[in-house]
Each structure stands twice: as structure tokens, then as C-alpha cells.
Amino acid sequence: ELAERERQGRLSAYGFAVGYAGSAVALLAALPFALAGNYGGAFLTTAALFSKPVPAQASIIAQQPLVVAGLAAAVQTFLMVDPSLRLTTHTRDGDRLPAGAALLDIEGDGRSILRAERVAVNFLQHLSGIATLTNTFCQAVRHTPARILDTRKTLPGWRSLQKWAVALGGGTNHRFSLGDGLLIKDNHLALLQKGKQAIRTACRLAHRDASRAVPLIGEVEALAEVRQALAGKADIILLDNMTPAMVKQAVALIRRRAIVEVSGGITLKNVRAMAQAGADRISIGALTHSAPAATMSLELTPVRLPRRPRR
């Protein structure tokens, strides 16, 4: 049901809305494994200290400015541990928050909150870190035509979730799988063994054998290879590990006959120069494989219940 509602573009009242199928399914698949790994057979500390329910309330607080991602995952984590917990969200996935802002309040048995805490916060910190870094790159290329893209350099089993976080941060998703496009890379050319005209030959072979309408991307590292990719009629020419000056030369050579993508060695120090050199797309593996976790904490306090009057 969750996956079907996602495909229709509307999900739970807690704000889990994403623009493509897959992330809801990925979340439901990841949660049991995450909770099982956290459990490890027993909640030793909580069980040793508390034999009965302990009424409590908690808040997850942002400790830095961030873009929220993973709030839906945190909500589902708490509810999977204890459906009786009462949750109040103060924001939505994709929102920007200042340091000190509350994301989520939880009320109920403090033991359940402790059991779910680390998994819920891990989802939030990791995914919000990706969204926040992506947004930082997007802001760096504001007022240029360039778009920021992710790559397939994602954690195994987490691709849909990590790409969801990229989209929440304002980025654009590149291929989800090898079936989403033809991307001719240096290792393909090494296997092809076609010498100096390898890129041109590879592009023509790919066009001839394409079984469905998908873009053809040719990765190049020099201007001579740009000419080959143009001759092979690549839809997108990926300029790999070029300087902004080389990108500008390549853009002048391509003359809008193909989409220009830039990748390799992209940092916040050079991304705007790449955009100003004429790149249409800038793909960055670091968005998913090196984003620092967003800093946040769960603050828990016991709730004192009113004493019953003595008769």
C-alpha cells in the first residue's frame, strides 16, 4: 500500500512524499534489518534499569542548519518499534531548518523511545547530510543553467533512499541502474580494443544495438575524444576530470550539438567555475559517498504523572 501511494505521489500524514517509485519500498526493506542489527538479541541496558513502562517525551533537534531528509524514515522507525508512540512532526522532508529547530516530538514509553532512537537518528543524520551537501552545491551554481546530479556511487541497498535525499536537496538524479542509459566509460573502451577511434566506434555500436530509447553518454578525457563522441552522435558528452578552461574549449567545440556533462574532481571550490564554463550538468559522486552526517540529537525527559488523591 505504501509503495502504491508513493507512485500516486501522496504518502502518509507525516509528509513522506517523493517524486519517484522505489524509496518507500527501500525504506520498508531497510527498516527491519536496521532494527534487528540494533537489537542484537536483547536491549540489555534498558531492560536492566526499567522493568515497567516509563512515561517520557523526546524531541529530535537540529544542531546545525540543514535540509531535512529521512524524517519519514525516523517516523516509521518509532512506529515499528512501538505503534502506541505519539508523534508530532514540526517540518517536512525537503525543508530547510536553522540550528536549534525541532524536527520531531515523541511521547510514550521511554523504553520504546530508547530502543528506536539510534536507528531513527541514523536515518535522519545520514540522509539530511546528503540533502544538505547537495543543496550547498546547488546554491553554488545559482543563476547558471547547470544542474547538479548524483551518480551510482551509493551504499548497496540504499540507492533509492540516497537519491531521494539528493532530490530533496535540490539535485537531479542520474541513472538509477545500468538499464537507464548507455554510458560508455574508459573500461568499456579498454575491452573494445578499437585504438584511437574507440569512442566513435563504441557510440556507433551502441546506437545500432540500442533496444529502447535511452540517452547515449560518451565519457571523454581530451578534446580529440570530444570530436569522436560528436562523430558517433552521443546525446551527452561527459567531460571527465577536465579543468574549467578545458571545459570551456570543449563547450565551444560541441556547439550545442550534445548536452555537456562534467564530472570528476568536482568540489565546492571549482563547481561554479565548471558551471560558468558552460556545463549543462555536473555529476558529483561525493553527494552520496562522502556527505558528512548532519548533526542532530534526541533530547529525552521523563513525564511525571499526577498522583492519585488518597481516599
Side-chain angles (χ1 to χ4, degrees), residues 2-12 14-31 33-34 66-77 91-96 119-120 122-141 146-183 185 214-215 217 219 236 238 259 261-264 266 268 271 279-294:
L2 189 60
E4 178 59 30
R5 287 162 61 200
E6 180 196 23
R7 282 191 288 272
Q8 295 173 6
R10 59 183 192 277
L11 280 180
S12 74
Y14 294 108
F16 191 23
V18 294
Y20 49 83
S23 53
V25 174
L27 170 58
L28 293 181
L31 265 175
F33 288 102
L66 54 81
V67 176
V68 180
L71 183 60
V75 165
Q76 296 301 324
T77 299
T91 185
R92 294 172 64 90
D93 285 308
D95 287 349
R96 296 186 192 181
V119 173
N122 280 353
F123 273 116
L124 272 171
Q125 287 188 299
H126 179 65
L127 296 175
S128 294
I130 291 172
T132 301
L133 180 61
T134 301
N135 189 257
T136 303
F137 272 101
C138 290
Q139 293 302 314
V141 299
R147 292 184 295 159
I148 299 297
L149 278 70
D150 54 24
T151 69
R152 290 188 302 112
K153 296 175 181 178
T154 56
L155 291 173
W158 275 63
R159 180 166 295 164
S160 290
L161 291 172
Q162 290 185 309
K163 283 180 171 284
W164 171 50
V166 167
L168 290 170
T172 300
N173 295 141
H174 211 299
R175 298 185 302 169
F176 271 76
S177 71
L178 295 175
D180 291 331
L182 293 154
L183 173 49
K185 297 176 68 68
V214 294
I217 308 171
E219 181 184 85
I236 301 169
L238 195 164
I259 294 170
E261 181 174 338
V262 174
S263 190
I266 306 299
L268 286 169
V271 67
D280 300 302
R281 307 166 14 141
I282 303 174
S283 51
I284 307 169
L287 298 182
T288 51
H289 71 58
S290 296

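Positions are given from 1, in the same order as the sequence printed here. In this text the structure is predicted, and so the values were computed from the model without any measurement.
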Q: Would you sort out whether Ile148 and Arg281 count as a side chain to side chain contact (heavy atoms under 4.5 Å, CB included), showing the intermediate values?
A: CA-CA 6 Å; Ile148 299 297; Arg281 307 166 14 141; over 6 Å; no

**Q.** OG1-CG distance between Thr134 and Leu168, expressed to the nearest 0.5 angstrom
**A.** 9.5 Å

**Q.** Atom pair CG (Leu149) and NZ (Lys163), whose distance is rounded to the nearest 0.5 Å
**A.** 8.0 Å

**Q.** Residue pair His126, Leu155: steps toward the side chain to side chain contact (heavy atoms under 4.5 Å, CB included) verdict
**A.** CA-CA 11 Å; His126 179 65; Leu155 291 173; 4.0 Å; yes

(Q) For the CD atom of Glu261 and the CD1 atom of Ile236, what is their distance to the nearest 0.5 Å? (A) 6.0 Å

**Q.** Heavy-atom pair of closest approach, residues Gly169 and Cys138
**A.** O-SG, 4.0 Å

Q: State, to 0.1 Å, how close Leu161 and Leu127 come at their nearest heavy-atom pair, and which atoms those are.
A: O-CD2, 3.6 Å

Q. To the nearest 0.5 Å, what is the distance between NE2 (His289) and CZ (Arg152)?
A. 13.0 Å

Q: Quick one: closest heavy-atom pair of Ser283 and Ile266, and the distance?
A: O-CG1, 4.2 Å

Q.
Can a donor-acceptor pair be found, under 3.5 Å and without considering hydrogens, that links the side chain of Ser128 to the backbone of Ala69?
A. yes

Q.
Classify the ring geometry of Trp158 against Phe123: parallel below 30°, tilted from 30° to 60°, perpendicular beyond 60°.
A. parallel

Q: Please test Leu71 against Val68 for side chain to side chain contact (heavy atoms under 4.5 Å, CB included), starting from the C-alpha separation and ending with a verdict.
A: CA-CA 7 Å; Leu71 183 60; Val68 180; 4.0 Å; yes

Q | Test item: Gln125 side-chain N/O and Ala294 main-chain N/O as donor-acceptor pair under 3.5 Å | A | yes

Q) Roughly how far, to the nearest 0.5 Å, is CG of Asn173 from CZ of Arg159? A) 11.0 Å

Q: Calculate, to the nearest 0.5 Å, the distance between atoms NZ and OG belonging to Lys153 and Ser290 respectively.
A: 9.0 Å

(Q) Treating Asp93 as the side-chain partner and Ala72 as the backbone partner, does any N or O pair qualify as donor plus acceptor under 3.5 Å? (A) yes

Q: Might you point out which heavy atoms bring Ile284 and Thr151 nearest each other, and give the distance in Å?
A: C-CG2, 3.9 Å

Q) Within a strict 4.5 Å, meaning less than it, do heavy atoms of the Ile282 and Val271 side chains meet? A) yes

Q: State, to 0.1 Å, how close Gly94 and Val67 come at their nearest heavy-atom pair, and which atoms those are.
A: O-CG1, 3.9 Å

Q | Asp95 side-chain N/O to Arg92 backbone N/O, donor-acceptor pair under 3.5 Å | A | yes

Q. What is the minimum heavy-atom distance between Val262 and Ala279, and which atoms define it?
A. CG2-CB, 3.5 Å

(Q) Whether the side chain of Asp180 engages the backbone of Phe176 through a donor-acceptor N/O pair (distance < 3.5 Å, no angle test) should be reported. (A) yes

Q: Look at the side chain of Thr172 and the backbone N and O of Arg147, then say whether any donor-acceptor pair between them is shorter than 3.5 Å.
A: no

Q. With a 4.5 Å limit on heavy-atom distance, are the side chains of Gln76 and Leu31 in contact?
A. yes

Q: Please examine the side chains of Ile217 and His174, heavy atoms only from C-beta on, and report whether any two atoms are closer than 4.5 Å.
A: yes

